[in-house]
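One structure below.
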Number of protein chains: 2
Amino acid sequence: MSERPEIDSSGPQLVYVQVADHLAGRIERGELAPGSRLPPERELAAFYGVAYDTVRRATSLLRERGLIVTVHGRGTFVAER
Amino acid sequence: MSERPEIDSSGPQLVYVQVADHLAGRIERGELAPGSRLPPERELAAFYGVAYDTVRRATSLLRERGLIVTVHGRGTFVAER
DNA sequence: ATGCATTTGTCCGTATGTATG
DNA sequence: TCATACATACGGACAAATGCA
């Protein structure tokens with residue numbers, strides 16, 4: 001899963017933004033290839049040590065940016081292109 | 001199936017703990033014999049009037065306690081001994 | 001070998017209640 | 001008062017294992 005990032009819930013950066021940025025970095029560096037599936041949201045929550053709700057906010061951001069595509073019941077995928 | 005218990009979703013007791021406790025009671029009283037199969041999880045959900053997710057949490061607890069054993073595709077069974 | 005029903009497993013979608021700052 | 005964050009709870013869709021005809 002790559003390195004466990006430091007998520008600072010006390011700092012100025014919002015937690016869900018930190019999670020979104022970390023995932024975005026992995027996508028942009030190609031660590032997560034286009035078309036590949038991300039770990040389940042609840043797994044991401046456990047990995048980052050944050051709540052499900054927080055991961056939802058993060059993936060919501062990335063969806064808006066067009067970086068990922070989510071399919072109900074299947075998973076979340078790195079967008080093609 | 002025994003008596004329909006009161007599940008209080010507004011009280012201080014978590015719903016999945018209430019479900020787990022009720023099932024545990026039935027097992028400990030011998031109403032559910034060792035080796036016997038429990039109703040399907042989704043049936044339990046309907047019986048208790050709770051969500052599948054909640055029954056999953058409850059059975060997860062009972063598995064941790066060693067009270068039940070679950071086999072994918074077959075069912076959930078009262079542990080021997 | 002194939003298909004089907006049953007049952008558990010996995011996942012996302014949404015809502016609610018509480019706590020914190 | 002409000003946004004963030006967390007945990008629980010409910011719902012829906014899809015997938016995998018098992019057993020049997």
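For clarity, every value in this text was computed on a predicted model and none was experimentally measured. Any value given below was found using the heavy atoms of this structure, including those in side chains, with hydrogens, waters and symmetry copies removed.
For B/Val15, the listed nucleotide lying nearest its side chain is D/dC10; candidates were C/dT7, C/dG9, D/dC10. Among the nucleotides C/dC12, D/dA9, C/dT8, the one closest to the side chain of B/Glu41 is C/dT8. Of the candidate nucleotides D/dA9, C/dC12, C/dG9, D/dA9 has the atom nearest to the side chain of B/Asp53.
Distances shorter than 4.0 Å separate none of the side-chain N or O atoms of B/Thr76 from OP1 or OP2 on C/dT7. A sub-4.0 Å separation between OP1 or OP2 of D/dC6 and a side-chain N or O of A/Thr54 is present. For the OP1/OP2 pair of D/dA5 and a distance below 4.0 Å, the side-chain nitrogens and oxygens of A/Arg57 include no atom meeting the criterion. OP1 or OP2 of D/dT4 sits under 4.0 Å from a side-chain N or O of A/Tyr16.
With A/Thr59 contributing its side chain and A/Val55 its backbone, the two residues share a donor-acceptor pair below 3.5 Å. For the pair B/Glu41 (side chain) and B/Arg56 (backbone), a donor-acceptor distance under 3.5 Å is absent.
Considering only heavy atoms from C-beta on, A/Leu67 comes within 4.5 Å of A/Glu28 through its side chain. For the pair B/Leu23 and B/Tyr48, the minimum side-chain heavy-atom distance is below 4.5 Å. Residues B/Asp8 and B/Gln13 form no side-chain contact, since every pair of their non-hydrogen atoms from C-beta on lies 4.5 Å or further apart.
In this structure, the CD atom of B/Gln18 is 10 Å from the P atom of D/dC10, given to the nearest Å. Put simply, CG on B/Leu14 is 12 Å from C1' on C/dT18, counting in whole angstrom units. With rounding to whole Å, A/Leu61 atom CG is found 11 Å from D/dA5 atom P. Rounded to an integer number of Å, the gap from B/Arg56 CZ to D/dG12 P is 18 Å. Straight-line distance from the CZ atom of B/Arg37 to the P atom of C/dT8: 6 Å, rounded to whole Å. Spacing between atom CG of A/Leu38 and atom P of C/dC12 amounts to 9 Å, rounded to whole angstrom units. Distance OH (A/Tyr48) to P (D/dC6): 14 Å, rounded to an integer number of Å. Between the C1' atom of C/dT8 and the CD atom of B/Glu43 lies a distance of 14 Å, rounded to the nearest Å.
When heavy atoms are screened at a 4.0 angstrom cut-off, A/Tyr52 is found touching base atoms of the nucleic acid.
Comparing B/Arg42 and B/Val50 against DNA chain D, the residue whose closest nucleotide sits nearer the 5' end is B/Val50.
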Identify each atom pair where a protein N or O and an N or O of nucleotides 17-19 of chain D are less than 3.5 Å apart, giving names and distance.
residue: D/dA17; atom: O4'; partner: B/His72; partner atom: ND1; Å: 3.4

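Residues B/Ile7 and B/Tyr16 do not share a hydrophobic cluster, defined by chaining ILVMFWY side chains whose heavy atoms lie under 4.5 Å apart. When the side chains of ILVMFWY residues are joined at heavy-atom separations under 4.5 Å, either directly or via intervening members, B/Leu44 and B/Leu14 end up in two distinct hydrophobic clusters.
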